[in-house]
Every structure is written in structure tokens, then in C-alpha cells.
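Some notes on the structure that comes next.
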Amino acid sequence: MSDPVLSVEGLTKRYPGVTALDGMSFEVRPHEVVGLIGENGAGKSTLLKSLVGLVTPDAGTIRVRGEAVRLRGVAHAGSVGIGMVFQEQSLVPNLTVAENILLGAERSAVRGGIYRWRAMKTLAQEQLDKIGSRIDPGARTDTLTFAQRQMVEVAKVLTIEERITGEPVVLLDEPTSVLERDEIATLFAQIERLRRRASVVFVSHRLDEVLEVSDRVYVLRNGQVVAEVDPSAVDATDLHHLLIGRESGGSHYHDEAQRECDGAPVRLRVENLSTAGCTKVSFEVRAGEVVGVAGVQGSGREDVCRALFGAIRSSGGRVTLDDQPFRLGSPRSAVRSGVGYVPSERRTDGIIPPMSVAENLSMAHVGEVCSGPVLQVKRERGLVDHWVRRLGIKTPSPDTAIGTLSGGNQQKVVLARWMIDDDLRLLILDHPTRGLDVGAKSDVYALIRDLAAAGCAVLLLSDTLEEMIALSHRVVVMKDGEVVTTVETPKGAKPDPVVILEEMV
Amino acid sequence: MSTDTAPEVARPSEAPRQPDGSSRVRRELVRFMPLIILAVLLVLLSLRNPDLLTQRSLTTMADSAAPLMVLAVGITVVILCGGIDLSIGALASFASVLTALWVPSMSGAVVVPVVLVCALAGVVQGWIHIAARVPSFIVTLGGMSLWTGLALAFSGASTVAVTDIAALRWAFTRIGGTVPSALVIALGVVVVLGAVMRFTPFGRWVASVGHAEPAARLAGLPVSMVKIAAFGVSGACAGLAGVLLVARTFSGAPTLGESLLLPAVAAVIVGGTAITGGHGGLFRTVVGALIVVLLRTGLSLIGVDAGFEPIFYGVLIIIAVSVTIDRSKVAVLK
Amino acid sequence: ADDSGTSSASGDGGSCSPEDITLIGQVRNQTNPYEAAWLAGGDEFAESVGLEQQHLTYDGDSQRQQEQIRQALAGSGMECAVLNVLPNGDSDTAPIVAAADEAGAFLVTQWNKPADLNPWDGYDRWVSHITYDGEESGYLIAKALIEQMGGSGGIIALQGILDTSAAQDRFAGLQRALSEHPEVELLDEQTAGFDRAEALNVTRTLLTAHGEHVGGVWAANDDMALGAVQALEAAGITGVGVVGIDAVPEAIAAIEAGTMTATVSSDGPWQGAIGLAMGYCAATGELDVADVANDDRAFFAEQFLIDQTNAAEFAEPELNMDDFECGSLFDRATGPIG
Amino acid sequence: MSSPDTAQPRAADAAGPAPPLGPGPAASGGRLVWRPRGTDAVQTTASLAALVLMILVFSVLDAQFRSWDNVVAVVDAAAVLAVVTVGLTFVLLLGAIDLSVEGVIGACALTVALLVANSRTGLDLGVLGVAATVALGAAFGLLSGVLSTRLRIPSFLTTLGVYAIGLGVATILFSGERPIVEDPWLGDWASSRFLGFTIVSWVAAGAILVGWLIQRYTRVGRYAYAIGGAEDIARLSGVPVARYKTAAFAVAGAFYGLGAVMATSQLGSGVVQAGSGLNFSAIAAAVIGGTLLVGGRGGVLQSMIGVLVLTVLQNGLILAGVSPYAQQAVQGVIVVVAVAAATWPVRHRLGVVK
Ligand SMILES: Nc1ncnc2c1ncn2[C@@H]1O[C@H](COP(=O)(O)OP(=O)(O)OP(=O)(O)O)[C@@H](O)[C@H]1O
Ligand SMILES: Nc1ncnc2c1ncn2[C@@H]1O[C@H](COP(=O)(O)OP(=O)(O)OP(=O)(O)O)[C@@H](O)[C@H]1O
Ligand SMILES: [Mg+2]
Ligand SMILES: [Mg+2]
């Protein structure tokens with residue numbers, strides 16, 4: 001075996017109340033794709049961030065090609081050949097794609113301090129070409145979709161290839177969680193291409209993906225490496241087991257927990273709903289029913305959900321909730337009628353990062369913890385403790401800023417926010433498991449089923465069709481802003497995803 | 001999707017991360033920094049002019065601080081929401097004119113209608129800001145001109161003297177011979193507003209809106225109402241400040257409070273409230289107001305030469321804020 | 001804060017020994033020639049009695065003026081303080097008087113005072129209020145302007161800060177002059193806030209609005225007049241008369257050069273010195289405030305029209321120390337305000 | 001890959017290149033409506049519409065307003081404000097604010113008046129004096145920038161401090177006597193004309209062009225957008241944020257210095273208050289034009305629309321004979337109503353408005 005390009009020994013990072021990295025050791029060899037998996041909060045991101053100098057470890061050494069380095073920041077890490085792909089938020093929204101790709105390393109695009117726009121676009125195009133993307137380098141970044149921005153991120157990190165002489169290490173932190181299928185395929189093709197010139201560290205919660213691309217997989221738990229596995233020797237179920245330390249039993253769809261709701265009254269009836277992105281959408285959801293909405297990007301399914309919650313304006317249609325006319329006004333009025341919404345962009349739309357877990361949890365139904373206008377801090381504390389225990393939310397204390405929790409725990413808080421309402425009638429879930437680990441995912445699944453069992457109607461948009469089919473009683477398929485069909489997905493007779501896929505495209 | 005993306009890490013809070021014990025001491029120190037800097041300034045200035053530390057001098061300073069404090073506390077609420085209210089100075093002037101005009105018929109009770117009118121003015125500005133989505137900067141800029149114009153019109157472009165100043169005596173007297181009533185009123189406002197912010201959901205709503213308006217809206221918080229209310233509070237405070245000014249100057253005038261806008265915002269920032277919204281508080285603003293008043297008046301009294309006085313002021317206010325500001329909480333970028 | 005004039009200090013006038021006296025001069029700022037000259041005059045007087053004048057400037061900010069006065073008077077030994085103050089506006093005078101009265105300090109105010117507040121209403125240490133007859137100043141320069149225009153034509157007027165009595169009185173003077181000359185038309189009146197840059201812009205606009213009808217520019221102070229002169233020069237217009245008030249050196253130079261027609265002297269150095277002198281004499285007991293006639297406790301000071309004929313005399317204003325002998329303090333009084 | 005992700009239309013040629021995508025609504029799905037998407041563009045369109053409307057209304061109300069002379073007067077009146085606003089735009093792009101304008105202009109006005117031929121000093125540096133003044137302005141900007149970035153405190157306060165410092169320097173330079181400018185070359189800036197407009201106006205036009213070039217073609221300009229758009233991301237990408245922030249402040253200061261020179265030439269002498277009212281007007285103009293206070297939005301040209309809105313409004317109100325007592329109120333109401341009316345049809349598509 002050749003010498004590792006990058007190795008880490010005894011890396012430790014403590015935060016108040018948590019040890020994010022606990023004497024972590026691992027290595028990356030040349031031309032290798034290393035997979036990192038672990039539960040939410042296992043320390044994956046912290047590890048990657050310390051490898052690009054964003055987190056200063058409390059102890060341990062990082063060696064690049066045998067030499068110990070103290071990384072001072074992203075620019076410094078780049079100069080020794082380590083680059084990282086962050087999530088879409090690490091692009092500057094008001095700049096062009098080209099500027100973003102070359103930001104801070106414009107090279108020949110800036111001569112004598114003067115921008116040469118044409119050279120800029122050419123250079124950026126070269127990077128985009130590397131990943132076969134045809135995004136216009138002159139487009140403003142905030143006009144791109146999630147997935148496109150992710151591609152730009154990858155193109156951007158590839159610029160370090162040109163900056164160093166040796167082989168770079170590219171760190172990818174959950175690059176696929178917001179990508180669509182063909183984009184993932186493009187990315188994987190790119191990783192294959194990269195492998196010839198670089199080493200890659202790849203983090204994902206989708207175990208099959210990890211198995212597909214990695215040469216070696218490290219399993220992390222509580223800031224330590226608990227296993228190093230050879231992907232060719234294991235399957236996703238083994239990994240799952242290693243990850244959460246318990247058996248994942250039951251059928252592929254775990255649908256035995258699903259409850260029938262045939263006789264239940266219709267809770268939500270949508271007739272001819274139109275918005276900027278959808279036209280004349282009609283469907284209904286019964287109490288206790290989970291209805292999935294499937295569709296490709298641009299099918300308008302997100303519009304439907306947001307319009308129902310009053311988050312965007314609708315241009316027509318009639319909606320009733322429990323046979324009462326339901327005015328699509330503002331999120332506030334929706335909440336007051338017993339509707340909840342879990343947004344897909346958790347960090348910006350779901351939580352208020354600097355505020356405490358308790359405040360985030362009680363915010364939508366603060367009335368529950370008030371006597372008249374006065375907040376009852378004790379009662380709130382009791383309520384929050386109850387839900388933290390009930391959902392197994394891992395937080396040092398209810399007063400911890402929610403922004404410091406791991407994604408899964410943040411998402412549980414957001415779900416709890418709606419669950420504290422005993423009269424919750426309809427919950428709209430927009431990609432509720434995005435970025436969650438398998439353990440957290442099954443927790444969320446269980447919560448969704450509990451909610452439905454308690455009589456709440458659930459409208460679900462999901463990252464994967466399988467997930468949607470598993471959780472739903474019925475799937476409404478949308479295409480080009482209209483409902484094309486409805487597929488029944490009853491317990492025990494779940495259809496093949498391909499059935500729905502064909503309707504979508 | 002990973003929840004801890006780059007922006008989170010890049011927060012300055014990461015920089016001085018230290019083991020628990022000493023970082024707690026630091027945090028507490030930062031919390032009380034505005035108070036400490038106030039004391040230090042007082043001592044330094046009184047070294048040059050010992051009269052500054054006399055009880056008479058201190059109460060005088062408190063008198064001066066009261067209207068500024070009321071204004072600054074009001075605008076703190078708007079700033080916490082992430083907005084700005086440029087109209088408070090003009091509104092205070094307008095209030096002073098109304099007060100002066102109405103005292104003859106209403107005597108001391110004049111404070112009620114004046115505060116209500118100004119609160120309404122604030123609400124209207126807030127409503128326009130919300131309904132038409134015009135930036136608060138522009139709405140309140142317009143408001144600034146409008147209230148000044150109305151004050152000019154109502155007063156006939158001149159000073160309106162209050163002959164029956166006894167009617168406003170309550171706002172400018174010494175309780176028990178020593179405690180300035182204006183200060184008591186100002187602190188009363190702070191305590192009441194502070195209690196509302198702390199013991200009702202309003203304070204959280206304000207912070208939520210300031211930190212992350214989209215998330216607050218999607219959680220079903222009454223975002224628009226909160227913002228309108230914030231402007232209402234700011235307007236009401238401007239109204240009260242106007243009354244306090246009249247009690248002190250015995251007259252109302254269309255430009256009386258204009259010059260208090262910048263010091264009020266400065267007080268908010270010196271107190272350590274983030275100009276970008278979310279983080280901060282009313283009590284910090286109180287200390288900020290005292291620091292600003294001390295710098296504004298104290299310097300001219302220690303007898304520095306012409307020209308050097310503004311320079312000292314500039315340097316000291318920069319030093320003050322660089323010491324008081326809590327860099328771990330405030331997005332210091334702006 | 002006492003609401004009327006019962007001084008908390010003993011009412012028997014001054015008994016301060018000269019070295020105990022604190023002299024304080026307060027103006028808006030030291031960044032314009034008029035007020036800088038005011039403070040310089042005060043300094044000269046202070047030096048003549050072996051003292052120093054404390055300078056206070058408040059940058060045109062009423063609140064700050066109040067704060068400064070109060071804070072200055074909060075010190076000890078203020079029974080022997082002498083304040084020569086330029087209140088920012090009429091509304092600021094009352095609280096200044098109240099604060100001085102409470103502290104027992106000797107006070108002279110200038111320029112701004114509400115009509116119904118007077119030193120003789122029981123204030124035994126508010127020695128006097130001095131001002132120039134704004135109506136008269138406005139009238140004098142208007143007459144000079146009209147004369148230069150040959151008795152007919154159009155005038156544009158630049159007003160000062162609208163809510164000051166100085167601006168209003170001066171404008172009233174212009175209107176009086178206009179009523180005497182029906183053939184002179186007031187084309188437009190705008191405010192330029194006593195500010196030179198603003199006057200430049202406003203004049204520019206007014207010149208396009210009224211074009212060649214403009215025969216003269218009447219400005220409520222010299223700074224605005226000088227701004228108007230620049231606007232005329234930039235527009236390439238000659239032969240339009242410009243008048244102002246204050247007699248700042250630049251205006252006098254402009255009058256000598258023929259670009260301005262006339263101004264009225266407000267004698268800054270004298271104002272800076274006389275206020276201190278009055279207070280000083282009262283504090284030392286050489287002047288008994290009770291003996292001063294009401295007509296001298298709120299008076300219009302003598303003013304002179306300055307035009308090309310006499311500009312040279314005013315080019316270098318000099319203080320005549322004899323003016324500040326305790327016996328001749330009121331020599332420039334031309335009559336009661338009213 | 002065993003878990004089909006949300007399916008894609010072109011799943012077959014998954015590895016192939018994606019279709020070209022330009023900006024536009026079709027590409028903007030997946031975001032909620034109140035994201036600040038194109039708020040600045042709406043604002044700019046709104047104020048442009050408001051400007052046109054205002055010009056139309058005033059033209060109908062008053063024949064003088066339509067005259068060529070008045071066009072010249074408006075342009076001349078806008079010149080200094082325009083140059084100052086160009087400078088301020090760079091600071092606003094950062095997401096920062098600059099309250100030092102009046103102080104810096106005061107100090108620079110005195111400086112230039114004392115350096116060129118004048119009534120007080122024996123100096124006669126001419127062009128050099130002007131250059132030195134612009135450099136002094138830049139130095140003040142540098143000071144603001146260095147203080148903001150090194151001490152890490154909000155620019156609101158650093159620049160408030162620098163304002164006071166500038167005022168102090170101006171007061172010291174003034175020392176009781178106004179220096180009258182006797183340099184004929186500088187005097188000509190305000191009085192001689194080229195193609196009908198004063199030299200000052202041409203200088204302003206040049207300054208706007210330079211400002212636009214800096215914004216478009218230099219690191220200072222581009223990084224100002226990056227920093228204003230997302231400072232932390234810019235830092236992550238290796239942009240030396242502090243350095244370019246400081247540079248943007250310095251550029252702004254240089255423009256204030258130039259503005260001071262222009263104002264001094266118009267006023268004919270070194271006036272400490274040469275910048276009075278300019279700070280506020282410049283911020284207002286920039287914001288009205290769409291250079292929002294949040295940073296990274298708008299730009300030099302957009303700000304210029306705001307400058308024109310303010311100048312035309314002031315000019316028009318005078319010409320329309322609105323009483324000086326009412327002008328202020330009318331002006332405030334018009335600005336709000338104009339901006340609100342122009343944004344009204346698209347208000348629901350706007351992002352978070354602060
Ligand atoms: N800035 C911070 N302050 C305090 N605690 C932190 C901070 N960043 C991370 N942590 C904590 O460190 C632990 C490891 O977090 P990390 O983000 O590395 O997990 P992860 O494996 O990337 O999880 P996920 O799969 O959810 O992305 C978590 O418990 C987290 O709460
Ligand atoms: N505010 C808006 N203004 C105009 N058009 C919009 C707006 N929001 C969405 N659209 C358009 O409506 C269509 C539906 O978008 P949407 O994001 O709802 O698709 P989706 O099916 O949810 O995609 P995904 O598969 O990513 O979940 C898209 O063409 C989008 O561009
Ligand atoms: Mg992570
Ligand atoms: Mg989508």
C-alpha cells in the first residue's frame with residue numbers, strides 16, 4: 001500500500017457539552033474514494049471542517065503527505081491541496097456562477113487588478129466542463145436551483161487541481177442530499193474521473209450510494225471510528241446495523257406499522273387550486289391518512305404545499321378543512337386552523353439557529369405555555385422536557401441554541417413544534433428527512449405514523465419515492481403543474497416505484 | 001442536507017473558543033462591559049473635572065439622558081426586528097409641538113393623547129412598510145419629512161411656549177429632592193417594556209423575526225403584527241420623549257428632537273444590540289444611552305480645545321463600542 | 001427647575017472677587033466666521049480682565065446645548081459664573097434661563113428669546129438679552145437692494161431656518177420694504193436654512209424658474225448671500241444685486257469687489273465680549289442689575305448698513321475695550337425689543 | 001443505485017450534460033417567496049418608474065421645468081450629491097454604512113481651499129492640491145475601514161467616530177477664518193461651461209464612469225458585491241475580506257474628497273459645512289435607487305437613479321411653487337408613495353423587506 005496522502009491521528013474536538021471528535025484516526029490513500037458514514041452528530045462534518053481549517057482541533061495531528069500541518073483556514077487548506085464542497089449556502093447569491101467558481105482564486109481572469117470577463121467565463125466554463133455541466137457561467141447564482149448550485153460547488157472545489165502540483169484531496173459533505181438522480185449520476189461519474197488525479201472523502205446518509213462509490217468506508221459513532229469496512233464485502237443492511245448498532249428488521253417498506261384509515265372522514269379537500277406554478281389541482285386527504293405528492297422538479301408540487309399553508313399566494317381554487325371553507329391567507333391563519341408545515345430548507349426556513357431548543361419548540365403554539373399573555377417558563381420547561389424525552393432529542397439542555405444540534409435533532413424539534421398541538425389537523429411535510437441519518441429517519445417515520453394514527457392528515461413530499469411509498473396511503477402524481485394520476489399505496493400492496501416514476505416524466 | 005454548513009462555522013464565535021470555565025468569566029465580563037466602560041469613562045472624565053462626580057452633576061446628566069433613553073429604547077425594539085426607524089427624532093419634535101399646543105386645554109393629561117397619536121403614527125409607518133413592502137428605511141425617511149412638515153404647520157413654524165409649565169412638572173422635577181423624575185419615567189418605560197419582552201411571547205417574536213424572518217413566518221408567528229407593533233412602540237416612545245423634552249425646555253418646537261436620532265441609534269449600538277436584528281436588549285440600550293450622554297456633554301466640560309473636542313468624541317465612542325460589543329453574538333460584519 | 005424667576009441665590013447682586021469668576025461663552029460652532037469671531041471677542045475681553053473664557057459649542061443641536069449648560073452649571077462655585085449664550089432657537093432660551101437661575105449664575109443671552117420671557121420678570125441674574133432688530137436689518141438691506149435695482153424689478157428671497165425668529169423678523173423687514181415699493185415684485189421665497197451650499201442649489205433652481213426677471217437676491221444671512229453669488233457666477237449672470245446680513249469678512253470682501261450689494265453688521269466680536277462684560281460687572285458688583293432699566297435688559301443693539309461706501313471700515317473689525325467698561329455697557333442699545 | 005431519488009425526466013442519459021440554463025423564473029423553483037430575490041431590481045425599476053412619473057407630472061405642471069436651462073440646473077445641482085453617492089455605494093454594497101461623509105467633506109473642503117491659491121496660505125498647488133485632497137478623503141475612508149475591520153465593530157459607529165474626527169480636523173484647519181479660493185482654475189470648475197454644462201458636472205460624469213468601472217472591473221468592486229452578498233462565504237473562498245472592505249471604504253473616501261473639491265469650487269471658499277445634509281441624502285438616494293442597506297445589491301448606476309429622484313423632486317417642488325413650509329412634508333410623502341406605488345404590483349413577489 002502506498003503512503004497515505006492525508007492522515008489524521010487522535011483528533012479531538014470538544015464543544016460545551018459534546019465531544020464532537022474523540023481521538024479520531026483515519027487516513028486517505030492516493031486515488032482512493034473514502035466513504036464516511038455515521039449517525040447525525042457522529043462528527044462527520046466536524047472532521048471535514050477540521051481538515052479545511054475551519055475547526056481548530058483541541059488535540060491530534062493532521063498530516064498531509066506525511067507532513068504535520070496546522071491548517072489556518074480554507075485558503076490555506078487549498079494551498080496544501082485539500083478542498084471541500086459545502087452545501088448550497090456556500091455560494092455568494094448575488095454573484096455570477098463564474099465569479100463564484102473563481103472567487104478568491106481568479107488567476108488569469110484578473111490581470112493587474114482588472115477583471116477580464118471573457119477570460120473569467122472561459123476559466124469557469126473549463127471547471128463546469130469537468131463535471132459536464134452546462135450551467136451558464138454568466139447566470140446569477142440566486143437564479144439557480146438547489147441542484148445546480150450544488151454542481152457549481154463541485155466545479156468550484158475542482159479549481160484546486162490547478163493550484164497545486166501534487167494530488168488534491170476533495171472532501172464532499174453530503175453532496176447528494178439535495179441532488180436529483182441524474183445529477184447524482186453525473187457527480188459519481190465525476191468522482192470516478194477525479195479518482196485518477198485525486199483522493200476523495202465522501203459523506204452521505206444514503207448507504208447504497210456510499211457502497212457504490214467508495215473504496216473504503218469508515219463508520220463513525222460518537223466522534224470515533226468504530227469500524228472500517230470494505231464495501232465489496234458488505235451490503236446496506238450490514239452498514240445499517242453497524243451504524244445504529246441494532247437490527248433493522250421487517251420488510252423493505254417497514255409498512256407493518258401503517259394503519260388503515262378507510263372509513264375516516266375527509267379532512268382536507270382541495271379543488272382547482274392554482275398558483276404561479278400549478279393549475280387546477282384537486283385532491284383530498286382523510287383524517288389519519290398520509291398522502292404523498294410525487295413529481296419531478298418543476299411539477300409544482302411544492303407550490304401546492306406552500307399555497308395550502310399560505311406561504312405563497314394562490315390565484316384560485318377552493319379548499320375545505322373538515323368541510324369548513326379554509327381561507328388560504330398566511331401561515332399564521334393556517335397554523336391557527338390546525339395546519340402545520342415542515343419546510344425543506346431547515347436551516348433558513350425551519351429553525352431560528354441562535355435561539356434555544358425550547359423557544360424553537362414552543363414557538364408555533366406558544367399559547368400552550370402561556371396564561372393569558374404571560375409566558376409560564378416552568379410549564380414550558382415541562383412541555384419541552386416531555387417532548388425532548390419522547391422524541392429522544394439529543395441536546396445538552398433545552399436552553400442550547402438549536403443551531404448547534406445535529407440535523408436530525410433539529411428536525412425532531414421542528415416536528416415536535418407541531419406535535420405539541422393536540423388539535424393538529426393537517427401536517428405538511430416538505431422533504432422531512434433531508435440530511436438525516438438512517439436512525440433519525442426511522443425515528444421520523446415512526447413519528448409520522450404516530451401522527452397519522454392519532455388522526456392527523458399528512459401531506460408528504462419526499463426525497464425518495466421509496467420513502468414516500470412506504471409512508472403513504474396514496475400518492476398523488478403531479479406533472480407540469482397538474483395532477484396526472486393518483487396511485488394507491490396500501491399496506492401490504494405497495495407498488496413498484498417505477499409505476500409512479502413513469503407517470504411523473 | 002447537512003445542517004452545519006460553512007456560514008455557521010465562520011461565525012466569529014468560533015475564534016476565541018476556550019475551555020468552559022474561563023469562557024464563562026469572559027462571557028459575563030462581556031455582558032457587563034457597557035456598565036464597566038460607563039464607570040471607567042466617568043472616572044476618567046472626573047479626573048479632569050472633579051465636579052462631574054457630584055450628585056448634582058449626576059442628576060443633571062440623568063435628566064439629559066432620560067429623553068434619549070426613551071427614544072433609544074423604542075428604536076431598540078424596531079432594530080431587534082431587523083428594521084430601522086428614522087422618524088423618531090421628527091416624531092418627538094411633532095409630539096413636542098402637540099404637547100405645547102394641548103397643554104392649555106388638557107394640562108398634565110396631555111401625555112396620553114400625544115403618546116397615542118405618536119404610537120398611531122408609528123403603526124401607520126409599520127403598516128405601510130408591511131403592506132407595500134417598502135423598506136423601513138424609506139418609509140421612515142418619508143415619515144421623518146412628513147412629521148417635521150406637520151410640526152412646522154401645526155406650530156406655524158415657530159416655537160410654542162408652554163406657559164402653564166406646572167402641568168408638566170411631574171416630568172421634570174426631583175423626587176425626594178434628588179431623584180430626577182424624568183429618569184424614573186424613562187426607567188419605568190424600560191421596566192414595563194422589558195417585562196413585556198421577557199414575560200410575554202412578544203420578546204421572542206421580536207427576536208425570531210430579527211434572526212430569521214422566513215422561519216418565523218413559517219412557524220406561524222404573527223410576523224406582520226409584531227413588526228407593526230414594534231413601530232408602534234417606537235412611535236409611542238418618541239411621543240413620550242417629546243413630552244419629556246417639553247417639560248425640560250418649557251416649549252415645543254418643530255426641530256426640537258431632530259438631533260436625537262443619531263445619538264439614539266448610537267446608544268443602541270454602544271449598548272451592544274446588533275444593528276442587523278435579533279440579538280440585544282433594552283437594558284443594554286439604557287447603559288448605551290448613558291455612555292452616549294456622558295460623551296456628548298462630558299467632553300465639552302473638561303475644557304478641550306475647539307476642534308479637538310469632536311476628535312476626542314470620535315475616538316472615545318469608537319473605543320467605547322469596541323470594548324462593549326459582544327462579538328460572539330453580534331454579526332459584526334455590517 | 002423653578003417655573004418662574006425666584007433665584008435660589010441671594011438677590012443682592014454680585015460680590016465675587018474677580019479671580020473667582022468663571023467666564024463661559026457658548027455658540028453653535030466654531031466653524032463659521034461669525035461665531036468664531038464671537039468667541040475670539042470673548043477671549044479678548046477675558047484676557048483684559050486676566051481670566052480665561054471657557055468655550056462651549058453645541059453644533060446647532062438644541063439638546064446638546066441644554067445638556068452642556070446644565071452640566072456646566074452643575075459644578076461648584078457657579079454663583080460666580082458668567083454665561084454669554086447664543087440659544088439655538090427661541091425654545092431653548094427658557095430652559096437656559098431656568099438652569100442659570102437655579103445655579104445662581106450671571107447670564108446674558110443673545111439673538112433668540114420668546115417675546116413673553118423677559119429678564120425683568122424676577123430674574124436678578126439674567127442681566128440682559130441682546131439682539132439686533134431683525135425686521136430692521138431685513139428692511140435695511142432690502143432698501144439697499146431696491147435702490148441698486150433702480151426701484152423696480154423682481155426679487156427672490158432666501159429665508160433662514162423657518163422656525164427661528166431671526167428668519168421670520170428679517171423676512172418681515174423685506175415685506176415692509178416691498179410694501180413701500182409696489183413696483184418691486186417678490187418672485188419667489190424659499191428656505192435655504194442659513195446654509196451656503198443649500199442656498200447655492202436653491203438659487204440655481206430659482207434662476208431657471210424666473211430667468212431674467214431676477215433683479216436681486218435678498219438673503220437672510222451672508223452665508224446664503226454668498227451661495228447666491230456663486231450661483232449667479234456659475235450661471236454667468238451679472239448685474240444682479242445680492243444682499244445679506246451679518247457682515248462676515250467674506251461678504252465685506254464681496255461688497256468691496258462689487259459682487260454683493262450690502263450687508264448689515266452684526267458685530268460678532270463685540271457680541272462675544274459684551275455679554276461677558278455685562279456678567280462680569282454684575283458679578284463683581286460694579287453693575288447692579290436691579291438698577292438697569294428694563295429698556296436695557298432686553299434691547300436692540302445698534303447696527304450699520306454696510307455697502308460699497310463704507311465697506312473698508314468694517315473689513316478689519318477691532319474691539320474697542322472702552323465699550324466694555326462697566327459704565328458704558330449699554331451704549332449700543334438703541335431701544336427696547338418690541 | 002437502488003433507491004431512486006425523486007425521479008428525473010432524463011434518467012436515461014443521466015450522465016450526459018444537463019441542458020443549458022440561464023437565469024429566469026424557470027430556474028428559481030424551490031425557493032420561498034420572501035427570499036430577497038431581485039428585491040433590488042424591483043426597487044430600481046420602481047424608482048425609475050417614479051422618476052419618469054415625476055418628470056412627467058412636473059413637466060405638465062410647469063413649463064419652466066421642461067426648459068433646457070432647468071435640465072442644466074438639475075444636473076448641476078445633482079453633481080456633488082452624485083459623486084458622494086457613487087462613493088457611498090461602495091460602502092453600502094459591503095452591507096456597511098458610512099456616516100462620515102459630512103466630516104470628511106468638511107476636512108477635505110478646508111484642505112483643498114488651503115492648498116490651492118487662497119486668501120490664507122501662500123500655497124498654490126493647483127492640481128496637486130486637488131489630488132492631495134482626494135488622497136486625504138481616501139485616507140479618512142481607510143481609517144473608517146481599518147477601524148471597522150480591525151476592531152470588528154459596526155461601521156455605523158466607526159464612521160460616526162470618523163465623522164467627528166473629520167469635523168475636528170476641519171475646525172482646526174478653519175481656525176476662525178474662511179480661506180477664499182483664489183485659484184482661477186478651480187473657480188472655473190463651477191463657472192465655465194462645456195456643451196452647456198459646468199465643468200463640475202463633467203467631473204461628476206467622469207466620476208460616475210470611474211465608479212462604474214471600479215464596480216465592474218476591479219477586485220474592490222467585485223469583492224464588495226461578494227462581501228455584501230455573503231461575507232462569510234467570501235472569507236471561506238479565500239477572499240481577504242478585511243483588506244477589500246477597507247479598500248472599499250477608501251475608494252468611498254476618495255469620492256467624498258472629490259465631492260469636497262467640487263463643492264468648494266462651487267462655494268468659492270473652504271466651508272466646514274460644505275457637506276451638510278449630503279450624508280443623509282446620499283444614503284437615501286442610494287436606497288431609493290435600489291442599492292439596499294443589506295449589501296450586495298444595486299450599484300453605482302442604480303444609485304444615480306435615486307440621486308435624480310431626489311434632485312428632480314427638490315427642483316420640481318420649488319418650480320411648482322409648493323410653499324417652502326410644506327415642501328418637506330410633500331417631499332417625504334412623495335418618496336414613499338412613489339416607491340410604494342411602483343412596487344405595489346409586485347409586492348408579493350418581493351423577498352424579506354427590512
Ligand atoms: N459550533 C458548534 N457548537 C457546539 N456544538 C457543535 C458545534 N458544531 C457541532 N457541534 C456538535 O458536535 C457534534 C458533531 O457534529 P457534526 O456536525 O460533526 O455531526 P455530523 O456527523 O456531521 O452530523 P450530520 O449527519 O447531522 O451532519 C454534534 O453533537 C453537534 O451538536
Ligand atoms: N414564486 C414563484 N414565482 C414564479 N414561479 C415559481 C415560483 N415558485 C415556483 N415557481 C415555479 O413553479 C414550478 C414548480 O416548482 P416546485 O419547486 O414547486 O417544483 P417541485 O415539483 O416541488 O420540485 P422538486 O422535485 O424539486 O420537489 C417551477 O417551474 C418553478 O419555477
Ligand atoms: Mg454533517
Ligand atoms: Mg423542489
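Lettering of chains follows the sequences in order, A, B, ..., and the numbering in each one begins at 1.
- Contact annotation: the side chain of Asn29(C) never approaches that of Leu167(D) to less than 4.5 Å [non-hydrogen atoms, C-beta and beyond].
- The only member of Ile318(D), Leu317(D), Val322(D) that meets side chain to side chain contact (heavy atoms under 4.5 Å, CB included) when paired with Gln190(C) is Ile318(D).
- Taking Gly187(D), Ala73(D), Ser192(D), Ala77(D) one by one and counting their heavy-atom pairs under 4.5 Å with chain C, the maximum is reached by Ala77(D).
- Taking chain C as the reference chain and counting heavy-atom pairs below 4.5 Å, the highest number among Ala190(D), Gly275(D), Gly321(D) is found for Ala190(D).
- Across Tyr163(D) and Asp59(C), no two heavy atoms sit closer than the pair OH-OD2, 3.9 Å.
- With a threshold of 4.5 angstrom between heavy atoms, Ala263(D) does not approach chain C through any atom at all.
- Scanning all heavy atoms of the two residues, the minimum distance from Glu250(C) to Ser269(D) falls at OE2-OG, 3.0 Å.
- Interface remark: of the candidates Gln266(D), Gln273(D), Gln327(D), Gln314(D), Gln266(D) forms the most heavy-atom pairs closer than 4.5 Å to chain C.
- Counting heavy atoms of neighbouring residues, nucleotides and ligands inside a 6.0 Å radius, atom CD of Gln308(C) exceeds 12 of them.
- The most heavy-atom pairs under 4.5 Å with chain C, out of Asp76(D), Val200(D), Val72(D), come from Asp76(D).
- Annotation: the span from Leu206(C) atom CG to Asn315(D) atom CG amounts to 9.5 Å, rounded to 0.5 Å.
- Between the side chain of Arg193(D) and the backbone N or O of Ala234(C) there is at least one donor-acceptor pair closer than 3.5 Å.
- Of the atoms belonging to Ala37(C), not a single heavy atom falls under 4.5 Å from chain D.
- Heavy atoms closer than 4.5 Å to chain C are found nowhere in Thr264(D), neither backbone nor side chain.
- Within the 4.5 angstrom heavy-atom criterion, no atom of Ala40(C) approaches chain D.
- For Asp223(C), the part sitting under 4.5 Å from any heavy atom of chain D is the side chain, from C-beta outward, and nothing else.
- Side-chain atoms of Arg196(C) come within 3.5 Å of backbone N or O of Leu267(D) as a donor-acceptor pair.
- Of all non-hydrogen atoms in Gly176(D) and Ala36(C), the two that sit nearest each other are CA-CB, 3.5 Å.
- For Asp69(D) and Thr208(C), the side-chain atoms include no donor-acceptor pair closer than 3.5 Å.
- Within the 4.5 angstrom heavy-atom criterion, atoms from both the backbone and the side chain of Glu189(C) approach chain D.
- In this structure, Leu319(D) CG and His210(C) NE2 are separated by 7.5 Å, a value rounded to the nearest 0.5 Å.
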